[in-house]
Amino acid sequence: MIDIKAIIPAAGYGTRLWPLTKETPKPLIPVNAKPIIEHIINNILTIKEIDHIYIVTNQKFHAIFQEWLNSFRCDIPITLYNDETTSNENRLGQIGDINFVLEKAGINDNLLIIAGDNLFNFSLKTAFEEFKRRKTIINPLHDAKSIKVAQEQGTVVVDEDGKFIEFMEKSLTPKTTLISQGAYFFPKEKVNLIKKYLNEGNNADKMGYFMIWLIGKELVYGKIFKEKWFDVGWKESLETAKKEFKGFK
């Protein structure tokens with residue numbers, strides 16, 4: 001049995017979904033009668049080794065998240081953090097928020113990071129089994145089979161064994177349609193690389209930038225899933241998720 005913690009970055013301002021996100025944070029928008037974040041947590045709970053979930057939000061939405069959390073029942077502890085940012089202009093960025101939680105919580109365990117607007121029809125348990133087998137950083141992938149979709153996402157070139165060769169963040173000319181699904185497993189001894197990346201003055205916005213930096217320094221492997229993935233940051237994809245997302249119990 002290994003110990004593993006989960007971090008859900010949920011401190012974005014949902015500008016692409018405005019006005020749906022005027023008063024409601026994106027992870028609390030309902031899909032199939034449940035807030036998106038509850039579906040994410042239910043998927044996380046398929047991994048029995050995870051013993052704590054950390055959610056980070058911002059000053060604007062903290063009280064709303066706290067109200068939701070007060071009424072949500074979970075079998076493992078959930079800690080909510082406020083990064084105290086107030087707008088899209090002064091946000092910490094996704095990587096900045098992850099590091100914020102790592103420092104606040106003093107995490108020294110294996111780690112799952114999963115974006116708070118991330119829905120897909122595969123179980124994280126399957127990716128976790130790959131993580132245990134490889135004993136290195138694992139990023140679940142999905143073949144969008146569409147250059148247009150790939151242009152809006154982080155895309156990955158892998159070798160025949162699934163090892164990352166190249167990562168591109170929203171490239172206008174992606175070399176592949178394999179998309180990073182916004183979930184990352186880290187062995188405990190590799191978690192400090194996030195702080196190292198930030199200490200070097202790199203972009204704190206998206207995990208994709210960190211992955212670009214990481215390749216060549218560490219082994220990263222992808223686990224390709226055929227099941228549907230939904231980027232609910234877009235209105236069209238949100239509507240598709242409401243129709244096609246299966247959910248987890």
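This structure is a prediction, so every number in the text was calculated from the model and none was measured.
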*Say whether N203 and W213, considering side chains only, have a donor N or O and an acceptor N or O under 3.5 Å apart.*
no
*CD of E169 to CZ of F167: how many Å apart, nearest 0.5 Å?*
5.5 Å
*asked:* As a quick check of understanding, evaluate salt bridge (charged side-chain N to carboxylate O under 4.0 Å, His left out) for D161 and R134, giving each step before the final call.
replied: CA-CA 11 Å; D161 194 35; R134 296 279 192 184; 3.0 Å; yes
*If you take all heavy atoms of L141 and S180, which pair is closest and at what distance?*
CD2-CA, 3.8 Å
*Decide side-chain hydrogen bond (donor to acceptor under 3.5 Å, both in side chains) for N121 and W229; before the verdict, give the C-alpha distance in whole Å, the side-chain angles of both, and the deciding distance to 0.1 Å.*
CA-CA 6 Å; N121 286 335; W229 170 76; over 6 Å; no
*Hey, does the side chain of N99 reach the backbone of G96 with a donor-acceptor pair shorter than 3.5 angstrom?*
no
*Taking the side chain from N202 and the backbone from Y197, do they hold a donor-acceptor pair closer than 3.5 Å?*
yes
*Please step through side-chain hydrogen bond (donor to acceptor under 3.5 Å, both in side chains) for the pair E38 and N42, ending with a clear verdict.*
CA-CA 6 Å; E38 290 188 20; N42 286 341; 5.8 Å; no
*Between L124 and T46, what is the shortest heavy-atom contact and its length?*
N-OG1, 4.1 Å
*Would one find more than 12 heavy atoms of other residues, nucleotides or ligands at under 6.0 Å from atom NZ of K246?*
no
_Using a 3.5 Å distance criterion without hydrogens, assess whether the side chain of N110 forms a donor-acceptor pair with backbone atoms of K188._
yes
*Taking H142 for the side chain and L178 for the main chain, is one N or O donor matched with an acceptor at less than 3.5 Å?*
no
*Provide the closest heavy-atom pair for D51 versus P77 in the form atom of the first, atom of the second, distance.*
O-CD, 3.3 Å
_Under a 3.5 Å distance rule, please check whether D109 uses its side chain to pair with a backbone N or O of K5 as donor and acceptor._
no
*Could you walk me through whether R91 and D205 pass the salt bridge (charged side-chain N to carboxylate O under 4.0 Å, His left out) check?*
CA-CA 9 Å; R91 70 192 189 281; D205 188 17; 3.7 Å; yes
_Let's go through Q59 and N82 carefully: what are the C-alpha distance in whole Å and the side-chain angles of both, what is the deciding distance for side-chain hydrogen bond (donor to acceptor under 3.5 Å, both in side chains) to 0.1 Å, and is it a yes or a no?_
CA-CA 6 Å; Q59 179 63 33; N82 177 2; 2.8 Å; yes
_Strictly distance-based, threshold 3.5 Å: is any side-chain N or O of N43 a donor or acceptor partner for the main-chain N or O of F122?_
yes
*Between Y184 and F186, what is the ring plane arrangement, given parallel below 30°, perpendicular above 60°, and tilted in between?*
tilted
*Answer yes or no: is there a donor N or O on one side and an acceptor on the other, between the side chain of E49 and the main chain of I2, under 3.5 Å?*
no
_Interatomic distance, L80 atom CG to Y54 atom OH [nearest 0.5 angstrom]_ = 12.5 Å
*For the pair D83 (side chain) and F100 (backbone), establish whether a donor and an acceptor sit closer than 3.5 Å, ignoring hydrogens and angles.*
no
*I4 and L193: same hydrophobic cluster, using ILVMFWY side-chain contacts below 4.5 Å?*
no
_Whether F230 and F245 hold their rings parallel, tilted or perpendicular, with breakpoints at 30° and 60°_ = perpendicular
*asked:* Could you walk me through whether N58 and T85 satisfy the side-chain hydrogen bond (donor to acceptor under 3.5 Å, both in side chains) test, starting with their C-alpha distance in whole Å, then the side-chain angles of each, then the deciding distance to 0.1 Å, before giving a yes or no?
replied: CA-CA 5 Å; N58 52 51; T85 69; 4.8 Å; no
*Can you name the closest pair of heavy atoms from A10 and I55 and give their distance?*
CB-CG2, 4.1 Å
*Does any donor atom in the side chain of T176 or T155 lie under 3.5 Å from an acceptor atom in the other side chain?*
no
*Between OG1 of T240 and CG of L119, what distance do you get to the nearest 0.5 Å?*
11.5 Å
*Between the side chain of T136 and the main-chain N/O of L219, is any donor-acceptor distance below 3.5 Å?*
yes
*Joint cluster assignment, F164 & V191, ILVMFWY side-chain distance < 4.5 Å*: yes
*For the student: nearest non-hydrogen atoms of F185 and A127, plus distance*: CE1-CB, 3.6 Å
*Report the C-alpha separation of E200 and K196 in whole Å, then their side-chain angles, then the decisive distance to 0.1 Å, and conclude whether the salt bridge (charged side-chain N to carboxylate O under 4.0 Å, His left out) test is met.*
CA-CA 6 Å; E200 291 182 5; K196 185 175 189 294; 2.9 Å; yes
*Side-chain ion pair, K226 and D143, N-O less than 4.0 Å*: no
*For K175 and V157, which heavy atoms make the closest approach, and how far apart are they?*
CB-CG2, 4.0 Å
*asked:* Before you tell me yes or no, could you show the steps for K195 and E103 under salt bridge (charged side-chain N to carboxylate O under 4.0 Å, His left out), namely the whole-Å CA-CA distance, both residues' side-chain angles and the distance that decides it to 0.1 Å?
replied: CA-CA 9 Å; K195 179 177 288 294; E103 292 184 345; 2.2 Å; yes
*Within a radius of less than 6.0 Å around CD of E244, do more than 12 heavy atoms belonging to other residues, nucleotides or ligands occur?*
yes
*Taking the side chain from Q151 and the backbone from L172, do they hold a donor-acceptor pair closer than 3.5 Å?*
yes
